[in-house]
Novice: 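One structure, pasted below without further comment.
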Protein chains: 2
Amino acid sequence: MPQENSAAKVLLHLKQDILTGFFSAGHKLKMSALKERYQVGVNPLREALSQLVVMQLVQVQDQRGYRVCPVTQAELIDIYDTRAQIESLCVELAIERGDEAWEAGIVAAAYRLHSNAGLLHADADLQAWEQLHQQFHYAIVMGCGSKELLRVRLDLYEKASRYRNLWLRYNAGHDAFDVNQREHEQLVMAVLARDTETAKQLISRHILVPSQVLRGLL
Amino acid sequence: MPQENSAAKVLLHLKQDILTGFFSAGHKLKMSALKERYQVGVNPLREALSQLVVMQLVQVQDQRGYRVCPVTQAELIDIYDTRAQIESLCVELAIERGDEAWEAGIVAAAYRLHSNAGLLHADADLQAWEQLHQQFHYAIVMGCGSKELLRVRLDLYEKASRYRNLWLRYNAGHDAFDVNQREHEQLVMAVLARDTETAKQLISRHILVPSQVLRGLL
DNA sequence: AAGGTTTAAAATATCGACATTAATGTCAAA
DNA sequence: TTTGACATTAATGTCGATATTTTAAACCTT
């Protein structure tokens with residue numbers, strides 16, 4: 001059994017706690033509290049925190065410890081705009097480079113997402129739906145075939161998660177999701193038809209709409 | 001005087017040592033050797049190494065320590081292709097959004113780069129030229145106005161540095177630089193004329209040419 | 001009472017040491 | 001000679017302790 005070092009375990013847990021909002025933006029991350037919560041010493045904690053600093057989820061002030069990066073409206077807009085640009089780029093390249101297996105993957109992921117639309121109405125499984133949603137969009141962009149580009153995309157996705165989690169709570173039970181479903185269908189059609197321009201416009205809007213909702217919340 | 005913690009100092013130094021090739025690809029990074037070289041204990045070292053793992057410059061094998069990420073031709077191609085895409089995107093947005101101050105900055109940076117072309121023939125100052133080169137391209141892309149996009153671009157630039165340093169040594173004294181100079185002039189003209197398509201093609205080629213030279217070296 | 005200074009408390013950053021795990025070398029048996 | 005098991009060596013990962021720095025609280029001065 002590959003028992004990974006405790007810094008890695010703490011990293012995953014702490015990252016989740018930040019992305020889900022358990023530790024809210026600007027919150028001071030005291031060593032004593034973190035030691036208590038994750039049951040590890042200071043050194044693994046500092047390793048995990050150092051990594052989160054690189055991911056820009058945590059700030060470090062010298063000799064003054066760590067705190068969760070604050071969220072701002074300017075950053076929200078920037079992240080979502082950039083995500084829209086990067087995702088568009090991925091879609092463009094995927095349409096250019098994708099093969100038949102890629103097409104099949106998209107159809108399969110779209111089917112799974114559509115089948116489980118019911119998850120949206122029960123708050124408990126919102127995260128499960130989000131995972132299917134994520135897998136659907138990944139099925140499309142993976143066709144670009146570039147590990148680096150997909151990594152950039154994932155970084156931005158995770159950075160946006162803190163904001164998105166707000167949006168998910170806000171929209172639970174709202175009908176914004178119906179619009180969402182239609183957008184997915186249109187996107188699949190445009191992508192499979194290799195209609196680059198339409199697909200790029202659709203994916204861009206798909207990402208930017210929640211951002212506009214969120215602006216009102218900050 | 002803001003005496004930053006030693007992990008941060010080690011990070012900068014170690015990063016340079018990896019990017020410049022002092023620690024070559026695949027090299028095992030033993031704690032004892034690093035302690036000796038940077039004059040610090042294991043904990044600051046582990047912090048710095050953790051951060052480099054996130055930056056994908058260092059790999060960690062559990063209970064088997066750290067080693068410099070290997071370089072492969074596949075990664076080289078992917079990084080440079082992605083850089084070309086991202087830089088094109090930055091240029092496109094910059095042309096769309098840039099103002100007069102942005103234009104002035106480009107002209108100034110181009111002038112400085114052109115004036116110091118002599119640095120190319122003396123090996124000692126190759127890094128100085130590279131810095132001017134970097135500032136020139138930054139002057140162009142900064143017009144896009146997106147911190148996130150510029151950060152992505154910087155990440156890729158740094159990841160490419162290991163490969164680029166090979167290229168710089170290989171090309172020292174060669175006439176590939178003359179071509180380089182002409183490319184810069186053309187790029188400035190296209191950008192200032194707000195000719196998006198030409199500018200994108202030029203910047204893409206500008207990035208991809210060294211990559212093709214490097215393929216032969218790996 | 002307001003403001004600045006000193007003192008006490010808490011938190012952080014680093015080191016040294018220890019337990020655990022992997023790598024290396026040795027030796028016997030096939 | 002090669003192979004496999006065992007012992008030795010080396011390196012990693014973690015914790016507790018310490019020195020330094022920041023934060024706060026109390027105190028004195030005006």
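Here is how names work: the chains are called A, B, and so on, in the same order as the sequence lines, proteins then strands, and each is numbered from 1.
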Novice: Measure the distance from CD on A/Gln39 to C1' on D/dG13 and round it to the nearest whole Å.
Specialist: 18 Å
Novice: Anything under 3.5 Å between a donor and an acceptor, one on a side chain of residues 135-142 of chain B, the other on a protein residue two or more places apart or in another chain? List them.
Specialist:
unit_1   : atom_1 : unit_2   : atom_2 : d
B/His137 : NE2    : B/His133 : NE2    : 2.9
B/His137 : NE2    : B/His184 : NE2    : 3.4
B/His137 : NE2    : B/His206 : NE2    : 3.1

Novice: According to ring pair (Phe, Tyr, Trp, His ring centres under 6.0 Å), does anything in residues 71-115 of chain A pair up with another residue at least two apart or in another chain? List the pairs.
Specialist: none
Novice: Who are the side-chain hydrogen bond (donor to acceptor under 3.5 Å, both in side chains) partners of B/Asp81, not counting sequence neighbours?
Specialist: none
Novice: Please collect all side-chain hydrogen bond (donor to acceptor under 3.5 Å, both in side chains) contacts where either partner lies in residues 207-218 of chain A, sequence neighbours excluded, each pair once.
Specialist: none
Novice: Identify each atom pair where a protein N or O and an N or O of nucleotides 8-14 of chain C are less than 3.5 Å apart, giving names and distance.
Specialist:
unit_1 : atom_1 : unit_2  : atom_2 : d
C/dT12 : OP2    : A/Met31 : N      : 3.4
C/dA13 : OP1    : A/Gln63 : N      : 3.3
C/dA13 : OP2    : A/Arg46 : NH1    : 2.2
C/dA13 : O5'    : A/Arg46 : NH1    : 3.3
C/dT14 : OP1    : B/Ser6  : N      : 2.5
C/dT14 : OP1    : B/Ser6  : OG     : 2.6
C/dT14 : O5'    : B/Ser6  : OG     : 3.4

Novice: Whole angstroms only, please: what is the CG-P distance between B/Leu45 and C/dG16?
Specialist: 13 Å
Novice: Holding to salt bridge (charged side-chain N to carboxylate O under 4.0 Å, His left out), I want the full list of residues that pass it with B/Asp17, two or more places apart in sequence or in another chain.
Specialist: B/Arg37
